[in-house]
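Written out below as structure tokens is the structure these notes cover.
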Amino acid sequence: MTSFSNLYKPYLLRIERITEEAPGVRTFRLAFTDQQEKERFHFKAGQFGEYSVFGEGECTFCIASSPTRSDYIECTFRQMGRVTSALMNLEEGDTIGFRGPYGNVFPLEAWQGKSLLFIAGGIALPPMRCVIWNALDWRDRFKNITILYGARTVSDLVYKHELQEWQTRPDVNVVTTVDPGGETPDWKGKVGFVPTVLEKMAPSADNTIAIVCGPPVMIKFTFPVLTQLGFEPDKIYTTLENRMKCGVGKCGRCNVGKLYVCKDGPVFTYAQLKEMPAEY
Amino acid sequence: MQKRSIRRAQINVLLEKLLSLHQVIYAPQKLGNQVDFAPLRDLQDLTLDHIQTVRSAKAALFPPVEELLRYQRAGVETELQDRDLTNLAEQVLFGTRPCDAAAIAPLSAVFTTDDQDAIFARRLERTTVISVSCERSDGDCFCTSVGVGPGDSRGSDLLLTRLQDDEYLAEILTAKGEALLQLAPELFGPEPAESKEAHLAKVQKRFDWEALHDKLAGAFDHPFWLRTALACLGCGACAYVCPVCSCFDIQDEGSQKKGRRLRSWDSCGLALFTLHASGHNPRSIQSQRWRQRMMHKFSYMPDQLQQLGCVGCGRCSRACPADMNLIEQVENFLFA
Amino acid sequence: MEALQKSAREALENHKAKVIIGYSEGSGGRMRPIFVQSPAEAEKLTWNDRCTQNLAVYIAKPEVQKLGKPALVAPLPVLRAVLQLASENQIKEGDLLVLALSDGRVTELSQFSEMEEFVAKTPTHLASKDQEAIERLEKMTPQERWQYWQSELTRCFKCYACRAACPMCYCSRCTVECNQPQWIPVPAHPLGNWEWHLMRAMHLAGRCVSCGACGDACPLDIPIHLLTMKVEADIHREFGSQAGMKVQSEHALSSFKVQDKENFII
Ligand SMILES: Cc1cc2nc3c(=O)[nH]c(=O)nc-3n(C[C@H](O)[C@H](O)[C@H](O)COP(=O)(O)OP(=O)(O)OC[C@H]3O[C@@H](n4cnc5c(N)ncnc54)[C@H](O)[C@@H]3O)c2cc1C
Ligand code: SF4
Ligand code: SF4
Ligand code: SF4
Ligand code: SF4
Ligand code: FES
């Protein structure tokens with residue numbers, strides 16, 4: 001007889017630390033309650049999981065911490081609906097469910113020796129934070145590392161402490177921006193939409209990988225700028241977020257054309273996206 | 001494979017025997033004006049002279065509502081109770097048509113490719129399929145256009161074909177079929193002299209699915225979809241009667257303290273299916289959802305799982321409240 | 001038939017409507033909706049007693065709206081649905097034309113007032129099979145009735161074809177799709193089915209135009225229309241108002257009158 005294990009049975013993780021990132025946005029640091037499960041668990045930058053509050057349901061977040069820090073995993077989420085609202089009500093010490101890791105990865109190993117340009121907007125920094133820390137923990141494997149991060153207003157910027165930490169590092173170039181009207185009197189960063197700021201920065205495309213995560217409009221206007229700057233479509237990476245339930249290619253809802261975002265993604269290159277129907 | 005014969009009355013004896021062994025038998029029965037699969041309680045209720053049941057037999061393998069696990073919380077601790085798959089009943093699908101049996105392969109490809117869905121796999125393992133070939137068909141049937149036929153044995157463990165009056169050819173196709181024979185060898189006679197071909201329904205081939213598959217590959221932005229999906233109301237009828245459709249939702253029921261996680265049928269035809277929490281919907285209008293249905297069955301599934309997502313049973317055409325007839329849709333598309 | 005095709009052709013030729021939403025012969029003896037955009041296609045329009053779908057359901061569909069101003073082929077229930085939609089501010093005067101059908105004649109109506117007059121002149125009784133079915137249900141004891149609906153509703157697999165076919169179920173987000181709180185359980189188990197259908201019957205109370213399209217749409221033949229029709233008939237009897245008769249009408253369940261009977265409160 002075949003051995004059967006339940007695909008939909010989550011691990012139990014304990015909330016070790018809650019960080020308030022921005023209004024309605026929190027980061028949970030999560031630890032496995034079962035030591036054996038923890039030891040068996042491995043993931044790579046770019047992957048996601050199904051997080052659950054029992055009685056409310058599951059929802060999808062990327063793993064926002066780096067695989068190089070294996071004592072815990074972190075997720076950053078924005079309060080949107082039923083499950084994220086229930087997550088908001090949890091406290092340190094509570095347990096939640098987690099299934100994963102699911103999906104494909106950012107090919108960090110293949111990027112060795114190249115420069116990395118991270119471009120993120122709003123709440124989309126979490127999927128990128130995982131790669132950023134991963135790259136910073138392997139700093140000597142890459143050339144220049146540049147981070148361009150924008151949000152609607154100053155208070156919408158997430159990971160404020162980390163941004164400061166990255167800003168003080170001599171080996172990272174960090175540029176932050178807020179949309180016009182979103183600045184505060186003491187705002188020291190730039191004012192302008194991400195694509196516009198990028199155009200002015202005009203980073204070199206030479207031996208560089210661009211990783212873009214953000215709301216659909218931002219992505220839509222950023223790709224042409226990158227193309228203008230000389231980035232080849234297969235050197236531009238992004239992640240897609242389609243509605244998910246199973247995370248493992250069964251429930252049938254996250255597909256873009258014949259690809260499932262949960263199995264074949266969530267990481268795609270611009271070259272791939274150009275071949276895929278616009279169903280995201 | 002071996003061929004034997006069996007009489008109508010002996011088929012009933014075989015079913016009685018299975019019932020007495022506490023096997024659940026899903027079989028076509030008259031329910032009001034319809035014929036549909038339901039657990040068989042009384043052999044009197046069994047019907048075999050229908051063309052096709054309203055619903056497919058997939059509910060026996062992939063129930064409309066199914067528990068995935070239970071949870072219980074005390075303070076900050078949570079306890080999970082996994083599904084006990086050891087006590088799933090042995091079951092028999094009886095009176096499935098060859099198209100229904102052929103639908104098990106694509107259904108199973110979805111649930112067992114790469115990550116195996118244990119609940120499905122376990123159920124399938126415990127299921128025996130006794131199909132009955134089609135003597136008649138109607139204008140909605142198109143099995144022969146999608147590589148199936150009215151006497152096909154694929155997916156069945158035992159295939160019965162009526163030769164005359166109450167005599168049936170019994171094709172024993174698998175180990176499970178062999179087990180049925182061994183259960184009551186006395187019920188089966190020797191191989192009949194006649195072959196089944198002359199007794200099968202004549203189902204005209206209406207289109208070439210390979211041509212359809214190839215044309216769909218470049219047709220995502222074809223104006224066809226907008227035009228032909230005008231009538232589509234956006235319900236789940238076509239998907240829920242279909243033997244291959246397998247999309248589902250996962251929902252918790254109960255309080256945060258105690259309850260169950262359930263999976264239930266869902267359909268790409270419903271607007272909520274792909275709606276993001278932000279309000280953005282990648283498939284915001286019905287024509288996009290109708291396109292997904294066609295694409296998924298005839299383009300994506302063959303490409304990704306090497307299985308067609310349609311076996312030509314015609315149920316969706318019969319069930320659709322707006323008469324979106326699948327054969328016509330396909331034919332119109334091929335000529336569009 | 002010819003009168004209908006002629007009216008449709010004229011409406012298109014005279015640019016009174018961009019699309020005629022009507023019935024045509026479908027597959028396997030079924031009727032199907034048809035969207036006629038050119039005068040030549042008008043010959044496909046037909047009308048018979050197999051045309052049970054309520055075409056008013058298409059008014060709200062974005063793809064159909066894109067085609068331009070519609071003319072609806074309208075047997076009485078379609079006309080009543082149009083008036084009820086107007087009374088709920090879902091359509092405005094001039095948004096559409098109807099080709100009203102009665103006794104083999106076709107009357108083109110563009111003003112709501114004309115539609116009201118037309119409806120007022122037409123008998124609104126239920127089809128005899130529905131009337132008989134409702135009477136049968138009324139004669140049952142509460143236990144029998146409970147049993148009856150129990151067995152019917154347990155079969156429901158929540159495909160929502162009934163809702164999709166109902167011209168009055170136009171909500172962009174139905175209550176079954178709201179999850180904060182989760183009013184109605186999503187899965188099609190007996191409790192979830194009961195709650196779904198009772199909720200829908202209540203939402204249609206005083207709004208159901210008694211077309212029967214929901215029941216006809218049900219692939220499992222669940223006579224779900226009897227529930228909404230019965231509630232509608234009760235409201236008509238108790239409050240005197242009938243859905244789909246007037247544009248300016250008070251909705252029985254959302255307006256309060258001092259003289260309202262309260263004998264149902266125990
Ligand atoms: C790969 C990926 C990575 C992501 N990463 C992040 C991240 O790092 N951080 C983050 O904040 N977000 C992330 N998201 C988005 C996140 O998954 C959603 O914001 C989250 O799922 C919202 O869940 P919710 O339960 O709060 O919302 P819900 O209340 O469940 O609403 C969400 C959706 O549920 C469905 N729904 C609503 N009501 C019902 C009902 N009655 N029946 C059935 N379905 C219903 C609808 O489709 C609705 O759009 C990611 C998404 C994906 C796909
Ligand atoms: S094709 Fe028919 S059954 Fe399918 S969603 Fe559209 S209206 Fe419903
Ligand atoms: S798509 Fe229609 S014809 Fe094909 S298998 Fe499904 S229900 Fe049958
Ligand atoms: S059942 Fe109620 S909420 Fe749902 S569509 Fe109908 S009227 Fe709207
Ligand atoms: S159409 Fe029938 S099966 Fe579908 S939801 Fe309505 S009552 Fe249930
Ligand atoms: S989330 Fe279920 S298929 Fe992708």
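To find a chain, count down the sequence lines: A is the first, B the second, and so on, and within it residues start at 1. Keep in mind that what you see is a predicted model, and the values were worked out from it rather than measured.
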Taking side chain as everything from C-beta outward and backbone as N, CA, C, O, which of these in [X] sits under 4.5 Å from a heavy atom of chain A? Side chain, backbone, both or neither.
X	value
Q72(B)	neither
S267(B)	neither
F273(B)	both
S299(B)	neither
T78(B)	both
D266(B)	side chain

Rounded to the nearest 0.5 Å, how far apart are [atom1] of [X] and [atom2] of [Y]?
X	Y	atom1	atom2	answer
Y260(A)	D114(B)	OH	CG	11.5 Å
T274(B)	E279(A)	OG1	CD	8.0 Å
L7(A)	Q116(B)	CG	CD	8.0 Å
R283(B)	R243(A)	CZ	CZ	13.5 Å

message: As an exercise: rank C251(A), G252(A), G93(A), G257(A) by heavy-atom pairs under 4.5 Å with chain B and give me the winner.
response: C251(A)
message: Using a 4.5 angstrom heavy-atom cutoff, name the option from K263(A), M80(A), E56(A) with the most pairs to chain B.
response: E56(A)
task: Using a 4.5 Å cut-off on heavy atoms from C-beta on, say whether the side chain of L69(B) contacts that of P10(A).
output: yes
Looking at [X], I want to see if its [atom1] is surrounded by more than 12 non-hydrogen atoms of other residues, nucleotides or ligands under 6.0 Å.
X	atom1	answer
Q306(B)	CD	yes
R152(A)	CZ	no
E20(A)	CD	yes
Q36(A)	CD	no
E92(A)	CD	yes

If every non-hydrogen atom of [X] is compared with every non-hydrogen atom of [Y], which pair is closest and at what distance?
X	Y	result
A118(B)	S5(A)	CB-O, 3.3 Å
V76(B)	R14(A)	CG2-NH1, 3.8 Å
A278(A)	F220(B)	N-CE2, 4.4 Å
A86(A)	Q256(B)	CB-NE2, 3.9 Å
L68(B)	N6(A)	O-ND2, 2.8 Å
G57(A)	D252(B)	N-OD2, 3.2 Å

Which portion of [X] sits near chain B, non-hydrogen atoms under 4.5 angstrom:
X	value
L90(A)	side chain
N255(A)	both
R78(A)	neither
C246(A)	both
P216(A)	neither

With distance as the sole test, does [X] use its side chain to make a donor-acceptor pair with the main-chain N or O of [Y] at under 3.5 Å?
X	Y	answer
Q304(B)	K258(A)	yes
R253(A)	F248(B)	yes
H276(B)	Y280(A)	no
D249(B)	K245(A)	no

Most contacts with chain A, counted as non-hydrogen pairs under 4.5 angstrom, among R83(B), R261(B), M301(B): R261(B)
message: If you count heavy-atom pairs within less than 4.5 Å of chain A, which of M295(B), H280(B), Q288(B) leads?
response: H280(B)
task: Classify the side-chain pair Y8(A)/R263(B) by whether it contains a donor and acceptor separated by less than 3.5 Å.
output: yes
field: Pairing of K250(A) and D117(B) as salt bridge, 4.0 angstrom limit
entry: no
